[in-house]
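In what follows, a single structure is set out as structure tokens and then discussed.
This is a predicted model, so every value here is computed, not measured.
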Amino acid sequence: MKNVTPPVAGPRPVTTPNASSRRNQIVILVVFVVVLVVLVRACSGHENKYEHMARDLTQAVQNNDYASVAKLENTETAAEMGHGRLGTAADRLAPLGKIKSVKENTPPGDGDRVHEFDVTFENGSVHEKILFDPQDKIFKFAYDHVTRKK
């Protein structure tokens, strides 16, 4: 025959967490929230700083907005950019429609300040190469591979 003791009748004793275990719970929660925020931001697909600048420049060129382009360029480049050169670029980029996305795809062999982008529009796409000066102003801008959707 087995000796079975019946459970103790009455309420169980209540234990309250001490200060260090409560602090540990809060630290774990804060770390979890920070990691979650970092993961969400990494997966959200926001443009980086240079993609944003490329978008602003491309939009200004499409609009043939000389003042906006000049604000993004350094003083030497802005002095070289004439209205005729800007107008020619606007004539090529404006028919492509609204910008849908700008994605940086700089190859490892490019210089430190060189950034390359694939810009997708409603009616086509273009590849851009931008050289930034140390103050992150545009020093040189070139586009090629203008592709129109049929």
Distance-minimising heavy-atom pair for Ser125 and Leu96 = O-CD1, 4.4 Å
Are Asp144 and Lys129 within salt-bridge range, i.e. N to O under 4.0 Å?
-> no
Would you confirm whether Arg113, through its side chain, and Asp133, through its main-chain N or O, come within 3.5 Å as a donor-acceptor pair?
-> yes
Counting distance only, does the side-chain N/O of Asp110 pair as donor-acceptor with the main-chain N or O of Thr106 below 3.5 Å?
-> no
Answer with yes or no whether the hydrophobic clustering places Leu131 together with Leu86; edges join I, L, V, M, F, W, Y residues whose side-chain heavy atoms lie under 4.5 Å apart.
-> no
Verify, without hydrogens or angle tests, whether Gln62 (side chain) and Gly97 (backbone) share a donor-acceptor contact under 3.5 angstrom.
-> yes
How far apart are the C-alpha atoms of Thr147 and Val126, what are their side-chain angles, what is the distance that settles it, and do they pass the side chain to side chain contact (heavy atoms under 4.5 Å, CB included) test?
-> CA-CA 6 Å; Thr147 308; Val126 69; over 6 Å; no
Between OG1 of Thr88 and CG of Leu93, what distance do you get to the nearest 0.5 Å?
-> 11.0 Å
Lys100 versus Arg55, closest heavy-atom pair with distance | O-NH2, 3.8 Å
Side-chain (Asn63) to main-chain (Asp65) donor-acceptor, under 3.5 angstrom | no
Are any non-hydrogen side-chain atoms of Asp136 and Lys49 less than 4.5 angstrom apart?
-> yes
Any side-chain heavy-atom pair from Asn105 and His127 closer than 4.5 angstrom?
-> yes
Shared hydrophobic cluster for Val35 and Val27 (ILVMFWY, side-chain gaps under 4.5 Å) = yes
Side-chain contact, heavy-atom cut-off 4.5 Å: Glu128 with Thr58?
-> yes
Gln135 versus Asn74, side-chain donor and acceptor atoms under 3.5 Å | no
Examine Phe132 together with Phe139 and report whether their ring centres are nearer than 6.0 Å.
-> no
Are Asn123 and Arg148 close enough that some pair of their side-chain heavy atoms sits under 4.5 Å apart?
-> no
4.5 Å side-chain heavy-atom contact, Glu104 and Glu116 = no
Hey, would you say the Tyr66 and His83 ring centroids sit under 6.0 Å apart?
-> yes
Quick one: sort the His115 and Phe117 rings into parallel, tilted or perpendicular, breaks at 30° and 60°.
-> parallel
Look at the side-chain heavy atoms of Ile, Leu, Val, Met, Phe, Trp and Tyr, link any pair under 4.5 Å apart, and say whether Val114 and Leu57 land in one connected group.
-> no
Taking every heavy atom of Ile130 against every heavy atom of Ala54, the minimum-distance pair comes out as CD1-CB, 4.0 Å
Rounded distance [0.5 Å steps], CG in Asp118 versus CD in Glu51 = 10.0 Å
Least distance between heavy atoms, Pro95 atom then Ala90 atom = CD-O, 4.1 Å
Are Lys71 and Asp56 ion-paired here, with the side-chain N under 4.0 Å from a carboxylate O?
-> no
Point-to-point distance, once rounded to the nearest 0.5 Å, from OG of Ser20 to CD of Gln25 = 10.0 Å
